[in-house]
> 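My structure is below; once you've seen it, I'll send some questions.
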There are 2 protein chains.
Amino acid sequence: MPDKASTDFQITTGPIRGSKRVYVGSDTDSSIQVPLREIELHPTANEEPVRVYDTSGPYTDETAEIDIYKGLIRRREAWVEGRGDVERYEGRTIKPEDNGNVEEKYLAPEFPVKLKPLRAKNGANVTQMHYARKGIITPEMEYIAIRENLGRTELHEDMCDRCGDPMGANLPDLITPEFVRKEIAEGRAIIPANINHPEAEPMIIGRNFLVKINANIGNSAVSSSIAEEVDKMVWATRWGGDTVMDLSTGRNIHNTREWIIRNSPVPIGTVPIYQALEKVDGIAEDLTWEVFRDTLIEQAEQGVDYFTIHAGVLLRYVPMTAKRVTGIVSRGGSIMAKWCLAHHKENFLYTHFEDICEIMKKYDVSFSLGDGLRPGSIADANDEAQFGELRTLGELTKIAWKHDVQVMIEGPGHVAMHKIKENMEEQLKHCHEAPFYTLGPLTTDIAPGYDHITSAIGAAMIGWFGTAMLCYVTPKEHLGLPNRDDVKDGVITYKLAAHAADLAKGHPSAQLRDNALSRARFDFRWEDQFNLSLDPDKAREYHDQTLPKEAHKVAHFCSMCGPKFCSMKITQDVRDYAAELEAKEKGMADMSEKFKDEGSEIYQPSTKP
Amino acid sequence: MPDKASTDFQITTGPIRGSKRVYVGSDTDSSIQVPLREIELHPTANEEPVRVYDTSGPYTDETAEIDIYKGLIRRREAWVEGRGDVERYEGRTIKPEDNGNVEEKYLAPEFPVKLKPLRAKNGANVTQMHYARKGIITPEMEYIAIRENLGRTELHEDMCDRCGDPMGANLPDLITPEFVRKEIAEGRAIIPANINHPEAEPMIIGRNFLVKINANIGNSAVSSSIAEEVDKMVWATRWGGDTVMDLSTGRNIHNTREWIIRNSPVPIGTVPIYQALEKVDGIAEDLTWEVFRDTLIEQAEQGVDYFTIHAGVLLRYVPMTAKRVTGIVSRGGSIMAKWCLAHHKENFLYTHFEDICEIMKKYDVSFSLGDGLRPGSIADANDEAQFGELRTLGELTKIAWKHDVQVMIEGPGHVAMHKIKENMEEQLKHCHEAPFYTLGPLTTDIAPGYDHITSAIGAAMIGWFGTAMLCYVTPKEHLGLPNRDDVKDGVITYKLAAHAADLAKGHPSAQLRDNALSRARFDFRWEDQFNLSLDPDKAREYHDQTLPKEAHKVAHFCSMCGPKFCSMKITQDVRDYAAELEAKEKGMADMSEKFKDEGSEIYQPSTKP
């Protein structure tokens, strides 16, 4: 048993205020149970409950039993094993270096439950892309179709105003499993779903689906604890993180990651070169293909769903960064640049790219091709180093696709607004519509402490233009490590940016929630307004700072205008007047009709019948 | 003397961390002293101090004596009186209704210093637009030219990358006083500068200048205190508020406003119909032109610099809002809609528009033509009511210009991203390039508690497209009244949005600060990074949460990667390598040249000389 003290978990569970977790089944496969969050409205609203996308896993399900020491239920295992192309095997032995050769007394406890890993049987390929290309609709694909439709089987009346500008995206009224399959087969979307992470709920990342967000967590050389990181993962998914990247860089990387994956309802991404670097004591030039390969297998066996791999940092691009204001700011990018320079050799991630593909397809790990040369300042955006690397990522995409390995492409970074669109256009053009996954971008450098906001501006825009997933930035960016509050601020900020993008694209489901909330606001249904918001706790807290009494929750006024005058109350007068006008005009039209029948032309037809 | 207890001022004074207030003079007029904030960098940077725009007034000047009971020095008075076209007169008598007929015991104290107001001499017109059209460059215009150039008389090397997309704006390398005059004369910009507010430092609002922001303050029927409102005004301008709107709606409106104006270094705007409504006990249908007219004169004599006037809410537009999700959400708009319906008459602000112009030009109050029918939800954006009103505002602009009265146009509101550009285009087209002044817009309705962010996305975009001033939205929007922290969050958020817009437009001064901060970041000059940021206090606080020790302020690493590996340190290797490459190539070229001279072609010319 692990030492309870060092894994003193304080996980937030229970439903988000004003809502409950519900499940929508499939007509054809009873093993498919898609979670949604249902927000019930006040009876006076006379409206159906609003169902929203839910990333929180069983933690918000009151009926679920949560035990961090056991991990989540491995629901997807039956689907994976049912395909008959995987086998359990002994797996790699955990070595001291996997946890950074940490001294015994500092060693974090191992996760208590140990299972042998799965891998593809000899010669098999178990990627969702492989199945898709063979014309197979997997249960994962069917699950995703239901999830993306938010459980609807027909268009809601509020969904019919398809007025967005999709910027080239293809957003059908309803997503079918076949549509999911086709998007995966053609590389426009990915389902990050390692066969060794059956705890995760299937989700999709692609331009023709809801825009997703990623939350980064992870310990570092200056701060760490397994309990904190597991808590951050649960906390990030509670508020809407669609995937979580574990960017740990300190000691105990292996054990920390195991606890996270076993308890994560969302796909987990990593940057394997970080752990590889720890294994060679932080000396970039000591990295070898063998150490890296071993790390990939280690993490694939644990169940990491996507790997950031900086295979596009080519030797010839490195000098292009010399005159930049902020050089190379990607950690992975600089590690590989350092290695290339030290050996004066081509990046081994590039030269071994097909070897990497061979590993990925055995476990269905997706590529997140890293942008090691992304700009770290407004001054460096869209330069030759950045776009050179992007074109190389496009070449690598084609190679990965040859192996039916799923790919997304990472993007910047720091980009002023007028240069954002070019990033999307270049990516679509050179990376063959593989999903784009950007970090912000930050639209100015001058607001440390507020970089969740400087970047939300860029994220919303590039999301509208076609980026499939937005990597969050927290208020601590550039300054320190995010704590729990920062994680939530980052997630909510990116959730709203992604939603703004869905609205602008004209996603059929997006405006439903805006309309429901706006109606609640207009009707002074305060509780409904709080509950429909991305953060019901904060909305209520802010309201109560000015008008704390419970009676005010049903008050037909707010603190802005007070009880004597309210702009919203005037609308009833307006509606009465408009109805009267309409009746009058209709009356005129009727009279006109009547007189015309009788041969008179005293009443001219009104222009508006 | 006022009761000290009820005016217990807690004003924040003293310089913003790491900077000092400096003044740049004019070569031709010693009375012109333009304030800037100078941020000194660490000696190792070997860089000039960075000068940024400063809205904070004497409050950040260590040498200034601040006395809230006396008000700020009336520096502009000499310019106003020097033009010889104004006269002091008795002015209107303050009536009990001006303070909402408040009982004696609740009456807020009067401002202690009383001066007779100024007005234009009989038949004179004292607007900046009037002078501009007569070809006169006022000291205000010269002051503004220096201010917009941030005191520079030539382009800085960092300013030469004019790579922005100005979207039709005309941004010269350096602003001349003549350029300012022409912009004012042609109505593309305004200088809100009531002759009775000589305490304010001249500033300009126009598409061809730096994007400005407004902060709203004001008491309400449920909360109020003069000290709080004066404090919020000083606090909002400390962090970058270019103008402040006093939206008070409760009692004591007159006295509160007087304290604010006498102490405000920035132009003050109001919505006079709010006070007029208080004078008729909150009953909209009891409003009359006479009450409104009296209120305009009352406020013009106090020194309000711009009036929001909802003269575009025409009777025929009102029924167009009946089927909206959120009807009419503008307080002023709904007051006028209610009046129009009650009397079944055209809006008296519209029918008396020329009478209003006659008052405005006597004091140089600028119009902020209110968008009473702005959308209050994503669903209602860009509808016929909104755009109908906008076209009427365009007609009214021409009438105001006939009187040489300055005009800006208010805009929305709630607008999804793909509909934002149309707002700017319609405004430019129908309002003849009069400056646009928008509230956000919010790009989604689902994030109450985070509406400073949902709206910063829209604000940055519409600022880029040409909006001249952005009205802030605080985290409390839709929920409660902003407190001090909310005011700061709103101001900083809008400051960064305005700056992102300046960068995207390619304003010649904008990127200087980004580059200086990025260099500081890259050099690990932590103090410089904090001091160059919009909020040095928060940047430092966040850094210290992870690495609190003073030694870490000079550490060449940060909490993200820790001391063992740092991506930024690798850049030196890259630079050395690039230099080596260049030297080698140059050597090759030299050798090639040498051999060529000697008749050999062994060395082929390198492609990069």
Side-chain angles (χ1 to χ4, degrees), chain A residues 164-165 221-222 282 319 322 325-327 331 334 338 341 377-379 416-418 443-449 453-454 457 460 464 476 479-481 493 496 499-500 503-504 513-515 517-518 522 533-535 538-539 542-543 545-546 559 562 564-565 567 570-571 573-575 577-578 581, chain B residues 164-165 221-222 282 319 322 325-327 331 334 338 341 377-379 416-418 443-449 453-454 457 460 464 476 479-481 493 496 499-500 503-504 513-515 517-518 522 533-535 538-539 542-543 545-546 559 562 564-565 567 570-571 573-575 577-578 581:
Chain A
D165 178 354
V222 297
V325 168
T326 48
R331 198 165 181 271
S334 61
K338 175 106 181 169
L341 293 189
S377 57
I378 293 298
M417 281 189 288
H418 65 293
T443 53
T444 164
D445 302 333
I446 67 166
I453 306 178
T454 65
I457 295 168
W464 172 24
K476 288 279 171 60
L479 297 170
L481 290 172
T493 300
L496 72 85
H499 185 76
L503 280 177
R513 189 170 178 182
D514 293 77
N515 290 2
L517 191 145
S518 294
F522 202 67
S533 73
L534 288 177
D535 183 354
K538 183 170 273 189
Y542 279 3
H543 174 270
Q545 281 177 20
T546 313
S559 54
K564 205 158 69 174
F565 178 85
S567 60
I570 286 178
T571 298
D573 297 346
V574 173
R575 289 186 178 160
Y577 175 67
L581 264 190
Chain B
D165 178 353
V222 297
V325 169
T326 49
R331 199 165 181 271
S334 60
K338 174 105 180 169
L341 293 190
S377 57
I378 293 298
M417 282 190 287
H418 65 292
T443 53
T444 163
D445 303 332
I446 68 165
I453 305 178
T454 65
I457 294 167
W464 172 24
K476 289 278 172 63
L479 297 170
L481 290 172
T493 299
L496 72 84
H499 185 76
L503 280 176
R513 189 169 178 183
D514 292 77
N515 289 2
L517 191 146
S518 294
F522 202 66
S533 72
L534 287 178
D535 183 355
K538 183 169 272 189
Y542 279 3
H543 174 270
Q545 282 177 18
T546 315
S559 53
K564 205 157 70 171
F565 177 85
S567 61
I570 286 177
T571 298
D573 297 346
V574 174
R575 289 184 178 161
Y577 175 68
L581 264 190

> Which heavy atom of S518(A) sits nearest a heavy atom of T326(B), and at what distance?
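So the two residues come closest at O-CG2, 3.6 Å.
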
> For L534(B), is it the side chain, the backbone, both or neither that has a heavy atom under 4.5 Å from a heavy atom of chain A?
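Contact with chain A involves both backbone and side-chain atoms of L534(B).
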
> If every non-hydrogen atom of T444(B) is compared with every non-hydrogen atom of H499(A), which pair is closest and at what distance?
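In terms of heavy atoms, the two residues are closest at OG1-CD2, 3.1 Å.
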
> Please report the shortest heavy-atom distance between A500(A) and T443(B), naming the atom on each side.
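The pair with the smallest heavy-atom distance is CB-OG1, 3.6 Å.
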
> Report the distance from atom CD1 of I446(A) to atom CG of L496(B), rounding to the nearest 0.5 Å.
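Going from the CD1 atom of I446(A) to the CG atom of L496(B) covers 7.5 Å.
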
> Which heavy atom of G480(B) sits nearest a heavy atom of T546(A), and at what distance?
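Looks like CA-OG1, 3.4 Å.
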
> Looking only at heavy atoms, which two atoms of M417(B) and A504(A) are closest? And how far apart?
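Answer, listing the atom of M417(B) first, then A504(A): CB-CB, 3.8 Å.
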
> Look up atom CG in D573(B) and atom CG in L341(A), then write down how far apart they are to the nearest 0.5 Å.
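Atom-to-atom, D573(B):CG and L341(A):CG are 6.5 Å apart.
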
> With chain B, which of L503(A), D165(A), T493(A) has the greatest number of heavy-atom pairs at distances under 4.5 Å?
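Ranked by heavy-atom pairs under 4.5 Å with chain B, first place is L503(A).
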
> Identify which of A416(A), A578(A), A539(A) forms the greatest number of heavy-atom pairs closer than 4.5 Å to chain B.
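Looking at each of A416(A), A578(A), A539(A) in turn, A539(A) comes out on top.
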
> Taking all non-hydrogen atoms of both residues into account, name the closest pair between L479(B) and Y542(A) and its distance.
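Looks like CD1-CB, 3.7 Å.
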
> Can you tell which of I457(B), D514(B), I378(B), I453(B) has the highest number of heavy-atom pairs within less than 4.5 Å of chain A?
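Ranked by heavy-atom pairs under 4.5 Å with chain A, first place is D514(B).
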
> To the nearest 0.5 Å, what is the distance between CG (D445(A)) and CZ (R513(B))?
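Rounded to the nearest 0.5 Å, the CG-CZ separation comes out at 11.5 Å.
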
> Excluding sequence neighbours, so at least two apart, what forms side-chain hydrogen bond (donor to acceptor under 3.5 Å, both in side chains) with S533(B)?
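S533(B): no side-chain hydrogen bond (donor to acceptor under 3.5 Å, both in side chains) contacts found.
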
> Drop me the distance from N515(B)'s CG to S377(A)'s OG, to the nearest 0.5 angstrom.
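Output value for this atom pair is 7.0 Å.
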
> Side chain, backbone, both or neither: which part of L581(A) has a heavy atom under 4.5 Å from chain B?
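Just the side chain, heavy atoms under 4.5 Å.
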
